Protein chains: 2
Amino acid sequence: MTSGNGVQASDVLIIGGGPAGLTAAIYARRAALHTVILERGAIGGQLLETDMVENFPGFPEPISGQELMDRMRAQAQRLDTEMRLAEATTLESQGDLWRVTSTNGTFMARCVILATGAHPKELDVLGAQELKGKGLSYCATCDGYFYRDKPVLMVGAGDAGITEALFMTRIAREVFVVVRHPEADPKAIRATPILRERALKHPKIRFLWNQVVDAFRGDGRLESVVLRDLSDGRRVELKVDGAFVKIGYAPATSWLHGVVEISDEGYIRTDAWMRTSRPGVFAAGDVREPHGRCAQAVVAAAEGAIAAMQAAEYVSEGGG
Amino acid sequence: MTSGNGVQASDVLIIGGGPAGLTAAIYARRAALHTVILERGAIGGQLLETDMVENFPGFPEPISGQELMDRMRAQAQRLDTEMRLAEATTLESQGDLWRVTSTNGTFMARCVILATGAHPKELDVLGAQELKGKGLSYCATCDGYFYRDKPVLMVGAGDAGITEALFMTRIAREVFVVVRHPEADPKAIRATPILRERALKHPKIRFLWNQVVDAFRGDGRLESVVLRDLSDGRRVELKVDGAFVKIGYAPATSWLHGVVEISDEGYIRTDAWMRTSRPGVFAAGDVREPHGRCAQAVVAAAEGAIAAMQAAEYVSEGGG
């Protein structure tokens, strides 16, 4: 099938090559759909930055994020998925097809699976880049277990941060929660009152009020954090084995506003079958609402599978 | 924590040891919850009966269902999950805890994850048992790809059967659909009209009206099916490489009626976070509504992960 301007149309165009996009490709190819993945960075997504994965089902021994994603990529390639390095810039319908422009050409497809992910917002302080994945983590569900009976630090006092602090009380010896407002400020902890109360009275949680992280320190592995008191500017160095940062996510959807329905927080809205507000456009993985908690590779993969099964139905039934 | 009658209470009791239950255990243990799995048959669930799995993400080469499940079991065991062979018979609340009686003792837990699965209803005809997984499949999404350009047979003319028949038109050379009612019967095909029309006019689909499968034949691998015409009792033998049976699912929930909310079709109702109608009771995998289409291991696993994350929150926040 070719479009009006002679570009070959695929059955499915998948945008994003993380666990959601690659699993979508595996399922789409096994449904014999002509499948193309666009990825702007490296095939594998955020998991490439993950040191060790212990919770992806099927791997009894911890596996590096890189190796897990290499395996998924090989699986998609073995099934003849086409992969293109390109960043999608616009999505629009053209007749029965969808047209995607990118930094590397135009693509036409009968349906599109949006799997562009969401990056956790990162702290821009000294040492944060170097120690990421080496004691500094953006996901307690993923990495918390590595800190059994150790002191850890949590940055973030919204629902997600306090939830993860409470989660860590089951694992860690002590959980320090850095709050950038003074204790007297009733809005210092933004989490819902029930979470706030539980955290405030928890014997393992210690709040460090009116402070911010100035630096992460350690020689190849996090050893301490430097905290700065906002009232007097004084710095203290606190020894911790792990630090978790939970200050929000940034879904990669700015290019999709006005095309599909997007939540106030920037996530793509879908139904339980990953269908967006537009027929033939599906979304899967961290970019999709409901997100709300720590993004997990196996969940993203499952959503990719469901989106591809729906895409196969859509195409079989004559859509696009 | 011990209950009134001296039985040690776990944090989480997971009922069912398939992909959903084992992944729930992996996540629960990494949240440092004391975790027990009850399984009535063999740890691994339905996938143990699956010859080769090609679509579980992370495995570029096809892997046997047995090996995949052995790996998940080893992963749960490495994280110190307790496993008990027992069939749960009742679930009831007792104070802040949940109490499960089984064929092998009583278990108490702060929360429960129901992951008992759903078995596809099987055809009870000659050869069906022997050739299951050897040409006779209960899931086209899973196994369809192995029959590229081959003739296949579909049994089942409801939504699921017709959807899978349409799905198979993209892969197979020809798709025979066996219908047990005569063509003149307007209800012969129970699928929704739009699916029915598409199937009726599809060039690759051939309906075999007023017939039933009498036997599956083949020497270690399906070679043909014997069809019986209901009007005159005559039999014909049709050569096919694959046969798919889609005549419904039987979720394992009869023991749960009146305890948690269950749909008319017998599936457990949950919200998107796998919470059932009862606080502290979660459901994951094929036993959970919405099901509606071919159960996939990666989807069950993801639901197990979500249920366990919710269970960890429930326990951290003082539930149970």
Side-chain angles (χ1 to χ4, degrees), chain A residues 11 19 22-23 26-27 29-33 54-61 63 68 70-79 141-142 144-145 148 163 166-171 194-195 198 272-273 290 292-294 296-306 309 312-313 315-318, chain B residues 11 19 22-23 26-27 29-33 54-61 63 68-79 141-142 144-145 148 163 166-167 169-171 194-195 198 272-273 290 292-294 296-306 309 312-313 315-318:
Chain A
D11 291 319
L22 290 171
T23 306
I26 292 162
Y27 272 76
R29 282 299 305 141
R30 291 188 86 250
L33 300 175
E54 198 177 55
N55 61 7
F56 195 87
F59 296 92
E61 299 300 323
I63 181 173
L68 179 57
D70 283 350
R71 293 175 64 103
M72 284 193 205
R73 187 189 53 201
Q75 192 170 1
Q77 281 174 327
R78 181 178 167 276
L79 293 163
T141 302
C142 312
Y145 194 63
R148 273 163 290 178
T163 298
L166 285 164
F167 174 91
M168 285 306 301
T169 60
R170 301 194 54 82
I171 299 169
I194 190 164
L195 289 173
R198 278 177 188 145
W273 305 111
R293 46 211 79 215
C294 202
Q296 294 298 300
V298 67
V299 176
E303 294 184 1
I306 293 169
M309 288 189 274
E313 268 187 39
V315 170
S316 299
E317 291 168 8
Chain B
D11 291 319
L22 290 171
T23 306
I26 292 162
Y27 272 76
R29 281 301 303 143
R30 292 187 86 251
L33 300 176
E54 198 177 54
N55 61 6
F56 195 88
F59 295 91
E61 299 302 322
I63 181 173
L68 180 57
M69 296 318 300
D70 283 350
R71 293 175 64 103
M72 284 194 205
R73 187 188 53 198
Q75 191 171 1
Q77 281 174 327
R78 180 177 166 276
L79 293 163
T141 302
C142 312
Y145 194 64
R148 273 162 291 179
T163 298
L166 286 165
F167 175 91
T169 60
R170 301 194 54 82
I171 299 170
I194 190 163
L195 289 173
R198 279 177 187 145
W273 305 111
R293 48 210 78 216
C294 200
Q296 294 299 300
V298 68
V299 176
E303 293 184 1
I306 293 169
M309 287 188 276
E313 268 188 39
V315 170
S316 299
E317 291 169 7

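Just the heavy atoms: all of them, side chains too, but no hydrogens, waters or symmetry mates, feed the values below. None of these values were measured; they are calculated from a predicted model. Labels below follow one simple rule: chain letters A, B, ... track the order of the sequence lines, proteins then strands, and each chain is numbered from 1.
- Ranking B:Ile194, B:Leu22, B:Leu79 against chain A, the residue ahead of the rest is B:Leu79, based on heavy-atom pairs under 4.5 Å.
- Applying the side-chain contact (heavy atoms from CB on, under 4.5 Å) test between B:Arg30 and each of A:Ile171, A:Thr141, A:Asn55 identifies A:Asn55 as the sole match.
- Side-chain atoms of A:Leu166 and B:Glu313, non-hydrogen and from C-beta on, never get closer than 4.5 Å to each other.
- In this structure, the side chains of A:Gln296 and B:Ile306 stay at 4.5 Å or more apart for every pair of heavy atoms.
- If you measure heavy-atom distances from B:Arg29 to chain A, the contacts under 4.5 Å come from both the backbone and the side chain.
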Exercise. Under the side chain to side chain contact (heavy atoms under 4.5 Å, CB included) criterion, do B:Glu303 and A:Val299 qualify, and how do the steps go?
Worked result: CA-CA 7 Å; B:Glu303 293 184 1; A:Val299 176; over 6 Å; no
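- For B:Ala305, the part lying near chain A is the side chain, with the backbone staying farther off; criterion is any non-hydrogen pair under 4.5 Å.
- In this structure, B:Met309 and A:Phe167 have side chains that are not in contact, with every pair of non-hydrogen atoms separated by 4.5 Å or more.
- Put simply, of A:Ile63, A:Leu33, A:Thr169, the one with the most heavy-atom pairs under 4.5 Å next to chain B is A:Leu33.
- When heavy atoms are compared at a cutoff of 4.5 Å, A:Leu195 approaches chain B solely by way of its side chain, counted from C-beta outward.
- Proximity to chain B (any heavy atom under 4.5 Å) is restricted, for A:Asp11, to the side chain, taken from C-beta onward.
- For a residue to count as touching a neighbouring chain, one of its non-hydrogen atoms must lie under 4.5 Å from one of that chain's; by this rule B:Glu54 touches chain A with backbone and side chain alike.
- Minimum heavy-atom separation, A:Arg71 to B:Pro60: O-CG, 3.6 Å.
- With contacts defined as side-chain heavy-atom distances shorter than 4.5 Å, the pair A:Glu61/B:Arg78 qualifies.
- Side-chain contact between A:Phe59 and B:Ile26 is absent, with no heavy-atom pair separated by less than 4.5 Å.
- The candidate from A:Ala32, A:Pro57, A:Ala272, A:Ala302 with the greatest count of non-hydrogen atom pairs under 4.5 Å with chain B is A:Pro57.
- Highest contact tally toward chain A, considering only B:Ala74, B:Ala300, B:Gly58, B:Ala76, is held by B:Gly58 [criterion: heavy-atom pairs under 4.5 Å].
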